[in-house]
Engineer: 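Below is the structure I would like to discuss, written out as structure tokens.
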Amino acid sequence: MSILRLPGLVDAHVHLREPGYPHKEDFYSGTAAALSGGVTTVLDMPNTDPPTATPARLQEKARLAAAKAVCDVGLFVGATNTDADAYLPVAPHACGLKIYVSDTFGSLRIDTLDLLHQLFRTWAERADAVGYRSAGAAGGLGPIAVHAEELMLPVCLALADLYATPLHIVHVSRRSEIELIRAAKEKGRAITCEVTPHHLFLSTDDLPRLGARGDMRPRLATPDDVAALWANLAYVDIFATDHAPHTLAEKAGENPPPGVPGVATMLPLLLTAVHAGRLTLDDLLRRCVANPRRIYGLPDQPDTHVEVDVDAMTTLRDDAALTRVGWTPFAGMAVYGQVRKVVLRGETVFQDGQVLAAPGAGQVLF
Ligand code: NCD
Ligand code: ZN
């Protein structure tokens with residue numbers, strides 16, 4: 001047994017489903033699943049019901065998270081078509097602004113160039129007053145986060161350039177996207193991006209086997225797209241899961257919603273890639289700890305670490321995950337790396353499969 005001591009991981013993209021869909025996940029079950037995967041900070045997306053698009057909604061969500069979470073939680077705000085700037089007064093209390101530029105689960109969607117333009121402009125104007133957030137500093141704004149979806153990607157790159165807003169591109173999955181991002185970075189553009197484990201470890205080849213359990217937005221890509229992500233990892237700033245749980249009954253229904261759980265399985269999948277020599281441990285830690293902390297200006301987590309048995313081989317199972325929905329698209333995969341213990345601010349919050357922290361041990365950031 002060889003125990004490795006790591007800093008607590010950040011999962012910068014999760015959907016913890018409260019308020020609106022607690023049968024899929026809530027702040028307790030989602031953060032418990034996070035701890036089981038060595039994640040001590042999650043950044044939660046705004047496509048709940050109601051969406052996190054006004055000061056009252058952000059406050060309500062922060063209250064729910066503070067009462068239930070067992071790891072630290074940052075909250076994104078989102079923009080709606082009908083009242084695009086409603087979140088602005090509380091923007092410094094969010095980890096960033098998420099703009100939905102393509103169809104997916106939930107009602108958030110910005111569907112005109114006019115609105116998209118307005119969002120970038122007002123975010124930049126606001127930042128002129130309060131600044132952009134730097135590591136650990138309270139008060140400034142975080143980045144704008146957008147989906148990497150086909151032709152919307154160059155539009156968002158152009159707007160970020162025009163208004164000098166930090167832009168973070170979530171779930172990059174296609175060769176065309178990573179190559180465009182690479183070109184923009186080579187020109188010195190201050191953009192960052194993230195890739196999910198499912199787009200690195202699954203492809204369209206897995207779809208016949210997975211069916212709706214392999215359906216998410218963006219959809220699984222071809223083996224050639226997957227190869228392009230691995231070949232361009234140098235241009236990928238963050239690994240984040242897009243943990244988007246739906247129940248198996250929903251997945252088996254007429255119109256299965258897109259999205260798959262992932263917060264508990266990111267670390268073993270990546271450690272298995274380290275074991276196979278596809279990644280170094282330093283590559284992993286930069287993308288799961290240092291870079292998300294820098295990009296979102298996250299405060300320090302003192303006296304926090306994860307102990308993982310890197311030689312322990314397990315088979316990922318549907319029923320092993322602490323997430324409420326009880327399944328994983330990676331079921332059946334043999335992986336290295338079992339989280340034995342998680343210490344958060346000096347307290348053992350997870351050990352040998354058990355969550356020891358009381359609900360509320362996690363803090364709401366910003
Ligand atoms: C997400 C969800 O279910 O909230 N689904 C998904 O397929 N990724 C929404 C999203 O992130 O687009
Ligand atoms: Zn998402």
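When a ligand or atom number is given, it counts from 1 through the structure's own listing order. For clarity, every value in this text was computed on a predicted model and none was experimentally measured.
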Engineer: Write out the residue and atom name of the closest protein heavy atom to atom 11 (O) of ligand 1, then the distance separating them to 0.1 Å.
Structural biologist: H15 NE2, 3.0 Å
Engineer: For the residue pair F201 and L269, what are the closest heavy atoms and their distance?
Structural biologist: CZ-O, 3.5 Å
Engineer: State plainly whether the residues R17 and D44 are in salt-bridge range, i.e. N to O under 4.0 Å.
Structural biologist: no
Engineer: Among all protein non-hydrogen atoms, which one is nearest to atom 5 (N) of ligand 1, and what is the separation to 0.1 Å?
Structural biologist: P258 O, 3.2 Å
Engineer: Which atoms of ligand 1 sit under 4.0 Å from any heavy atom of M216?
Structural biologist: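 Counting from 1, the qualifying ligand atoms are 7 (O).
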Engineer: Could you list the atoms of ligand 1 found under 4.0 angstrom from a heavy atom of H147?
Structural biologist: 12 (O)
Engineer: Can you list the atoms of ligand 1 that are under 4.0 Å from a heavy atom of A244?
Structural biologist: 1 (C), 2 (C), 3 (O), 5 (N)
Engineer: Return a yes/no value for Y100: is any of its N or O atoms, backbone included, closer than 3.5 angstrom to an N or O of ligand 1?
Structural biologist: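 No, Y100 has no N/O under 3.5 Å of an N/O on ligand 1.
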Engineer: Nearest protein heavy atom to atom 8 (N) of ligand 1, by residue and atom, and its distance?
Structural biologist: D242 OD2, 2.8 Å
Engineer: Going by ring-ring contact (aromatic ring centres under 6.0 Å, His included), name the residues that satisfy it together with H15, two or more places apart in sequence or in a different chain.
Structural biologist: H13
Engineer: Any pair with a residue in residues 90-107 that passes salt bridge (charged side-chain N to carboxylate O under 4.0 Å, His left out), sequence neighbours left out, goes on the list, sorted by first then second residue, please.
Structural biologist: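 Listed by first then second residue: D103-R109.
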Engineer: Starting from atom 10 (C) of ligand 1, what is the nearest protein heavy atom, named by residue and atom, and what distance separates them?
Structural biologist: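 Here the nearest protein heavy atom works out to T104 OG1, 3.3 Å.
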Engineer: Taking the six-membered ring of F366 (Phe, Tyr or Trp), confirm whether the NZ or CZ of R133 is under 6.0 Å from its centre and within 45° of its axis.
Structural biologist: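 Yes, cation above the ring, under 6.0 Å and within 45°.
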Engineer: Tell me whether ligand 1 is touched by M45 - counting only heavy atoms on the residue side and a distance under 4.0 Å.
Structural biologist: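 It does not, in that no heavy atom of M45 comes within the 4.0 Å cut-off of ligand 1.
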Engineer: Give the C-alpha distance, both sets of side-chain angles, the deciding distance and a yes or no for side-chain hydrogen bond (donor to acceptor under 3.5 Å, both in side chains) between H171 and E194.
Structural biologist: CA-CA 5 Å; H171 40 58; E194 74 191 36; over 6 Å; no
Engineer: Is there a donor in the side chain of D225 and an acceptor in the side chain of T222, or the other way round, less than 3.5 Å apart?
Structural biologist: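 Result is yes, a qualifying pair exists.
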Engineer: Within ligand 1, which atoms have a heavy atom of R17 less than 4.0 Å away?
Structural biologist: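 Per the distance check, 2 (C), 3 (O), 4 (O).
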Engineer: With no hydrogens and no angle check, just 3.5 Å: does a side-chain donor-acceptor pair link H198 and T196?
Structural biologist: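 H198 vs T196: donor-acceptor pair found between side chains.
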Engineer: Could K24 and E250 be called an ion pair, given the rule that one side-chain N must be under 4.0 Å from one carboxylate O?
Structural biologist: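 Salt bridge present between K24 and E250.
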Engineer: Which residues, ordered by chain and number, are linked to Y336 in its hydrophobic cluster, where ILVMFWY side chains connect at heavy-atom gaps below 4.5 Å, directly or through other members?
Structural biologist: M313
Engineer: Please evaluate residues T80 and D83 with respect to the criterion side-chain hydrogen bond (donor to acceptor under 3.5 Å, both in side chains), reporting the C-alpha separation (whole Å), side-chain torsions for both, the decisive distance (0.1 Å), and the verdict.
Structural biologist: CA-CA 6 Å; T80 61; D83 196 359; 5.9 Å; no
Engineer: Will you find, in the side chains of H93 and Q59, an N or O donor that is under 3.5 Å from an N or O acceptor?
Structural biologist: no
Engineer: Which of the numbered atoms in ligand 1 are under 4.0 angstrom from any heavy atom belonging to F105?
Structural biologist: 2 (C), 3 (O), 4 (O)
Engineer: Give me the nearest non-hydrogen protein atom to atom 7 (O) of ligand 1 as residue plus atom name, then the distance to 0.1 Å.
Structural biologist: R217 N, 2.7 Å
Engineer: At less than 2.8 Å, how many protein N/O/S atoms surround the Zn ion (ligand 2)? Leave waters out.
Structural biologist: 3
Engineer: Would one find an N or O of N47, backbone or side chain, under 3.5 Å from an N or O of ligand 1?
Structural biologist: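 In this structure, N47 places an N or O atom under 3.5 Å from an N or O of ligand 1.
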